[in-house]
Amino acid sequence: MNICWISPSYFPQIKASILEPKTKIQPICSKPDFPTEKIESFLPFNVKSITSTSNPFVKHCLKLRQNSSYRHSHGSVLVVGSTPIREIYSFQERVPERPITLDCLLVLDEAHIHEDLNLQSVSLVRISSMVMKKLSGLQSIDSIEMIALMKIPSTFHSVDDEFLEEDCSTWFKNAHRVLVLDGIQDPGNLGTLLRSAMAFGWGGAFLLPGCCDPFNEKALRASRGASFQLPLVSGDWLHLDALRNHYNMKILAAHPANDQKPRRISRLTRDFTDSLADKPLCLVLGSEGGGLSERAKDSSELVSIPMTGEFESLNVSVAGGILLYMLQPENHKDLSSG
């Protein structure tokens, strides 16, 4: 794993007034503004701790957490907490062909380092509880002992209009099952869905316009590191149609059975899912408030979850979890049932 020290004097002062209030994905530069080719000139080997919240490096990290545009332009993400960091480390050991770059590890003063983290060659920066609270954004840091500054993984793709259809083959190593999120704005729901997709063996996730940033702090917390493990693509329907055509995929979309408009809606049953076992497919989940977009409804076969109760619909992360489980790849079902 590549480890870098970063000089506090390297980053300019950051004004709080320009922090971005929203977390939707912004256009992403093809190359980060961060001049990584000069980073070796700023390795402060003599700096072992940071105690002040006014430190320029702390302000840089804070803006990475709060500002999506800044985060993507620098190609860096702040990962808060031991659990997601350990999940990412564990994934790196299992899948070494997907390298994850750690730039810096910030550890709370006198905190114990978990033995299952392979940190023999990792340089650590100890930080005060005041700095930890500032960077984590949490009221209580009782369970927060470390924060990692990591590069956005190479498995994340932001697609522009100049792409070629054959580029689709580079997005997902396995496109047999792809989760499609249509305007999921709540980072907790988005992170939970990515975590479920990873757990049930799906090949990746496609984020349509209106989705929040999968590297948003709350999305990262909910995903427990799945944003670094699951291949992700940010694009629009033009790109999704290209993916569908390239792999001859079927598009399903979750929709309540009690839709007022006359639409054909299939029921999620074992016979239904078994009939799709060998068919590559995308599963579209709509936003929490507005549901599926009209484009999604018109482009997909609609499917509903049978419910004996009287509630109109389920939370999108709950409904998504059920659908992801029922439609998971057959080889993953065999593993889960064993």
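Note that the structure is a prediction, hence the values are computed from the model and not measured.
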- Message: With heavy-atom distances below 4.5 Å as the criterion, would you say the side chains of Asp186 and Cys212 are in contact?
- Response: no
- Item | Between CG on residue Leu292 and CD on residue Glu294, distance to nearest 0.5 Å | 9.0 Å
- Supply the atom-to-atom distance Leu243 CG to Trp237 CH2, rounded to the nearest 0.5 angstrom. 11.0 Å
- Note on the structure: Residues Ser304 and His255: closest non-hydrogen pair is CB-O, 3.1 Å
- Query: Where the side chain of His239 meets the backbone of Asp236, is there a donor-acceptor pair that is under 3.5 Å apart?
  - Reply: yes
- Please confirm whether the backbone N or O of Ser287 pairs with a side-chain atom of Asp182, one donor and one acceptor, at under 3.5 Å? no
- State, with a plain yes or no, whether a side-chain heavy atom of Met326 is found less than 4.5 Å away from one of Leu323. no
- Sequence neighbours excluded, which residues qualify as side chain to side chain donor-acceptor pair (under 3.5 Å) partners of His176? none
- Taking the side chain as every heavy atom from C-beta outward, state whether Val107 and Ile147 have any pair of such atoms under 4.5 Å apart. no
- Task: Would you please indicate if the ring centroids of Phe228 and Phe156 are separated by under 6.0 Å?
- Result: no
- Item | Spacing of CZ belonging to Phe272 relative to CG belonging to Leu252, to within rounding of 0.5 Å | 5.0 Å
- Is a side-chain N or O of Ser128 found less than 3.5 angstrom from the main chain of Thr51, in a donor-acceptor match? yes
- Query: Under the side-chain contact (heavy atoms from CB on, under 4.5 Å) criterion, do Val159 and Asp167 qualify, and how do the steps go?
  - Reply: CA-CA 10 Å; Val159 191; Asp167 294 340; over 6 Å; no
- Message: Can a donor-acceptor pair be found, under 3.5 Å and without considering hydrogens, that links the side chain of Gln66 to the backbone of Lys63?
- Response: no
- Message: If I compare all heavy atoms of Ser49 with all of Val125, which pair ends up nearest, and what's the gap?
- Response: CA-CG1, 4.2 Å
- What are the two closest non-hydrogen atoms of Met249 and Ala175, and how far apart are they? CE-O, 3.1 Å
- Task: Using a 4.5 Å cut-off on heavy atoms from C-beta on, say whether the side chain of Leu181 contacts that of Val284.
- Result: no
- Message: Per the salt bridge (Lys or Arg N to Asp or Glu O under 4.0 Å) rule, what does the pair list look like for residues 223-232, sequence neighbours excluded?
- Response: Glu87-Arg224
- Query: Do the non-hydrogen side-chain atoms of Phe215 and Leu78 ever get within less than 4.5 Å of each other?
  - Reply: no
- Query: Any donor and acceptor pair, going by atom type alone, linking the side chain of Ser300 with main-chain N or O of Lys297 inside 3.5 Å?
  - Reply: no
- Message: Could you check whether any side-chain heavy atom of Ile144 comes within less than 4.5 Å of a side-chain heavy atom of Leu108, counting everything from C-beta outward?
- Response: no
- Met130-Ile127 co-clustered via ILVMFWY side chain contacts under 4.5 Å: no
- Task: Could you tell me the separation between the OG atom of Ser299 and the CG atom of Leu240, rounded to the nearest 0.5 Å?
- Result: 8.0 Å
- Item | Which atom of Ala222 lies closest to which atom of Gly188, heavy atoms considered | CB-O, 3.5 Å
- Task: Evaluate the side-chain proximity of Leu190 to Pro214: yes if any heavy-atom separation is below 4.5 Å, no if none is.
- Result: yes
- Query: Please walk me through it: do Ser196 and Met198 pass side-chain contact (heavy atoms from CB on, under 4.5 Å)?
  - Reply: CA-CA 5 Å; Ser196 297; Met198 190 71 195; over 6 Å; no
- Message: Under the criterion side-chain contact (heavy atoms from CB on, under 4.5 Å), I'd like the reasoning laid out for Val303 against Arg267: C-alpha separation, chi angles, the key distance, then a yes or no.
- Response: CA-CA 6 Å; Val303 59; Arg267 286 167 59 87; over 6 Å; no
- Show the numbers, then the answer: is there a side-chain hydrogen bond (donor to acceptor under 3.5 Å, both in side chains) between Thr269 and Asp271? CA-CA 5 Å; Thr269 64; Asp271 288 341; 5.4 Å; no
- Query: Does a sphere of radius 6.0 Å around NZ in Lys279 hold more than 12 heavy atoms from other residues, nucleotides or ligands, not counting ones at 6.0 Å or beyond?
  - Reply: yes
- Query: Aromatic rings Trp171 and Phe206: how do their planes relate, parallel, tilted or perpendicular, breaks at 30° and 60°?
  - Reply: tilted
- Message: Has Arg65 got a side-chain atom pairing as donor or acceptor with Leu135's backbone, closer than 3.5 angstrom?
- Response: yes
- Query: Distance from Leu230 atom CG to Leu194 atom CG, nearest 0.5 Å?
  - Reply: 6.0 Å
- Look at the side chain of Lys250 and the backbone N and O of Leu276, then say whether any donor-acceptor pair between them is shorter than 3.5 Å. no
- Item | Closest contact, heavy atoms only, Thr53 versus Val58 | O-CG1, 3.7 Å
- Got a donor-acceptor contact below 3.5 angstrom from the His72 side chain to the Ile152 backbone? no
- Message: Assess, by modelled atom type and distance only, whether the side chains of Ser90 and Arg94 contain a donor and an acceptor separated by less than 3.5 Å.
- Response: yes
- Closest approach of Met150 and Leu102, non-hydrogen atoms and distance? CG-CD1, 3.9 Å
- Does Arg295 come within less than 4.0 Å of Asp298, counting only side-chain N to carboxylate O? no
- Task: Mark yes or no for whether Arg221, through its side chain, and Asn216, through its backbone, hold a donor-acceptor pair below 3.5 Å.
- Result: no
- Task: Could you tell me whether the side chain of Arg126 and the main chain of Leu106 form a donor-acceptor pair under 3.5 Å?
- Result: no
- Given the rule in the side-chain hydrogen bond (donor to acceptor under 3.5 Å, both in side chains) test, do Asn315 and Glu288 qualify, once you have shown the distances and angles that lead to the verdict? CA-CA 7 Å; Asn315 170 275; Glu288 300 82 355; over 6 Å; no
- Begin from the C-alpha positions of Lys133 and Leu138 and carry the test side-chain contact (heavy atoms from CB on, under 4.5 Å) through to its verdict. CA-CA 6 Å; Lys133 189 170 184 178; Leu138 301 174; over 6 Å; no
- Query: Do Cys211 and Gln185 come close enough that some side-chain heavy atom pair is under 4.5 Å?
  - Reply: no
- Report the distance from atom CZ of Arg244 to atom SG of Cys168, rounding to the nearest 0.5 Å. 12.0 Å
